[in-house]
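Data block below; observations after.
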There are 2 protein chains.
Amino acid sequence: MALSYNIVENNQAIIERARERVIETISQNMHLYGVTPSIGRLYGTLFFNDEPMTLDEMKEALQMSKTSMSTSVRTLMDLNMVEKVWVKGVRKDLYAAKKDWYQIFFDFFTNQWAKVIQINTKAIHQSMKELEDLLSNENGLTDEQRAQIQLDIEKLRYTDAYYRWLEKLISTFENKAIFDFVNREQER
Amino acid sequence: MALSYNIVENNQAIIERARERVIETISQNMHLYGVTPSIGRLYGTLFFNDEPMTLDEMKEALQMSKTSMSTSVRTLMDLNMVEKVWVKGVRKDLYAAKKDWYQIFFDFFTNQWAKVIQINTKAIHQSMKELEDLLSNENGLTDEQRAQIQLDIEKLRYTDAYYRWLEKLISTFENKAIFDFVNREQER
DNA sequence: ATGTTTGTACAGTATAAACTGTACGTAAAA
DNA sequence: TTTTACGTACAGTTTATACTGTACAAACAT
């Protein structure tokens, strides 16, 4: 016996609503990865879509311009959250959500955070060097200046040590050693 | 013999420049904590200022409005990056940068990330429940729908497990156990 | 080759966020 | 109590960012 159209339709709505709820919360909370709700929504949509999507399909699904889809998907690729999928015979570009959230988390640190660490470290070293040079080469310093420089150098050394520690932490993400310390349990 | 005014002044400029470089890089990279460059600059200024500052001093230092200083400093307090300092006899509110960057890092996760985890988890559980109910109670499901629901539930279980893992990781930040795994070395 | 289709650069527009100035409630000082 | 000073709510302005539509280059099809 064929199922009633209404029941099928209604069940479909329930499924849809369950998906949409999660997609929407993800989208609202992806600012932690530095992306807008729109981009988060796109990721969520791709995550639940079992087939890779074309830009036109995304445009259709989110009711947005194709240009936006293009730039958004690029942002998601930069974050290693989405990958291009090649299917022979299909002309349009296809994109799929990467589904390994642990890896996404790790990649965010090994990419975004590591970049910042590198930039900040460079500035810190440069300033540290200038201050140390000033302290050792220059004798035209007031006592107050000398004390000031000492304090600043101490602060810079502290932040430098912090970044070294952060690098170590991130490397345990990168090589997955963190799982030895915080176990990844079986999903029930 | 008194030091030449020019030399003292010039040295002061070098010190200032060394500070500014670091403050500026910090400000440009604090987006990882979800704050604007302006707010980052304020934190940097407070970090290098050895005395707590009033809103008027901040306004003066950054050449911005007092209102901005007020809201910015509030944001920094929400992030546990700045604290109010009480000095008897001083009428104006005084604020100082918290200097423990490890703690700031940890607090960011125990506050911001944990909040997101909680919200997302709630949505995931809700949707998971709805789908499981649909699967067990409803017999008006097409085979295709049944398969679809199964897939979605699997995905939700996976993300749930991920968030459980993330909570465990964050708790090692909170209780500092992470230092047992990633050692905090002495700054030379 | 010629004609289509696809993705994106670019410029322009809409929307959101940051920032300012005033005005006011609150608390300290007179 | 009156006066003065401080911090922030609020409305308005400016600036930045997200988003759109068009136009074009590159790749594919014919």
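Chain letters run A, B, ... following the sequence lines, proteins first, then strands; residues in each count from 1. Every value quoted in this text rests on a predicted model; they were computed, and no experiment measured them. Heavy atoms only: backbone and side chains are in, while hydrogens, waters and symmetry mates are out.
The pair B/Lys92-B/Glu57 does not meet the salt-bridge criterion, since no charged nitrogen lies less than 4.0 angstrom from a carboxylate oxygen.
Following rounding to the nearest Å, A/Lys59 (NZ) and C/dT5 (C1') show an atom-to-atom distance of 14 Å. Rounded to a whole Å, the NZ atom of A/Lys92 is 15 Å from the C1' atom of C/dT8. We find that CE of A/Met58 is positioned 14 Å from P of C/dT6, with the value rounded to whole Å. One can place CZ of B/Arg74 at 16 Å from C1' of C/dC19, the figure rounded to the nearest angstrom. Rounded to an integer number of Å, the gap from CE of B/Met64 to C1' of D/dG7 is 17 Å. A/Lys66 has its NZ atom 14 Å from the P atom of D/dT22, to the nearest Å. The nearest whole Å value for the distance from the CD atom in B/Gln63 to the C1' atom in C/dA18 is 18 Å. Rounded to whole Å, atom P of C/dA16 lies 12 Å from atom CD of A/Gln28.
Contact check, A/Ser70 against C/dT8: a side-chain N or O comes under 4.0 Å of OP1 or OP2. Contact check, A/Ser68 against D/dC19: no side-chain N or O comes under 4.0 Å of OP1 or OP2.
Remark on DNA chain D: of its neighbouring residues A/Thr71 and B/Leu94, the 5'-side contact belongs to B/Leu94, judged by nearest-heavy-atom nucleotide.
More than 12 heavy atoms of other residues, nucleotides or ligands shown are found within 6.0 angstrom of NZ on A/Lys168. Within 6.0 Å of atom NZ in A/Lys99, more than 12 heavy atoms from other residues, nucleotides or ligands are found, so the atom counts as buried in its surroundings.
Of the residues listed (B/Met30, B/Gln28, B/Glu20), the one engaging B/Arg41 in a side chain to side chain contact (heavy atoms under 4.5 Å, CB included) is B/Gln28, and it is the only one. The only option from A/Asp152, A/Leu151, A/Ile153 that meets the side chain to side chain contact (heavy atoms under 4.5 Å, CB included) definition with A/Ile149 turns out to be A/Ile153.
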Verdict with supporting geometry, B/Phe108 and B/Trp101, ring pair (Phe, Tyr, Trp, His ring centres under 6.0 Å): CA-CA 10 Å; B/Phe108 181 62; B/Trp101 286 18; over 10 Å; no
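In this model, a donor atom of one side chain and an acceptor atom of the other lie less than 3.5 Å apart for B/Lys176 and B/Gln103. Side chains of B/Gln148 and B/Glu144: no donor on one and acceptor on the other come within 3.5 Å.
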statement: Readout for nucleotides 22-30 of chain C: B = base within 4.0 Å of protein heavy atom, S = sugar-phosphate only, - = neither; 5' to 3' it is B----BS--
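Contacts between residues 31-56 of chain B and DNA chain C, defined by a heavy-atom separation under 4.0 Å, are made by B/Thr36, B/Ser38.
Remark: B/Phe179 engages A/Trp165, B/Tyr102, B/Phe106 in a ring-ring contact (aromatic ring centres under 6.0 Å, His included) (not counting sequence neighbours).
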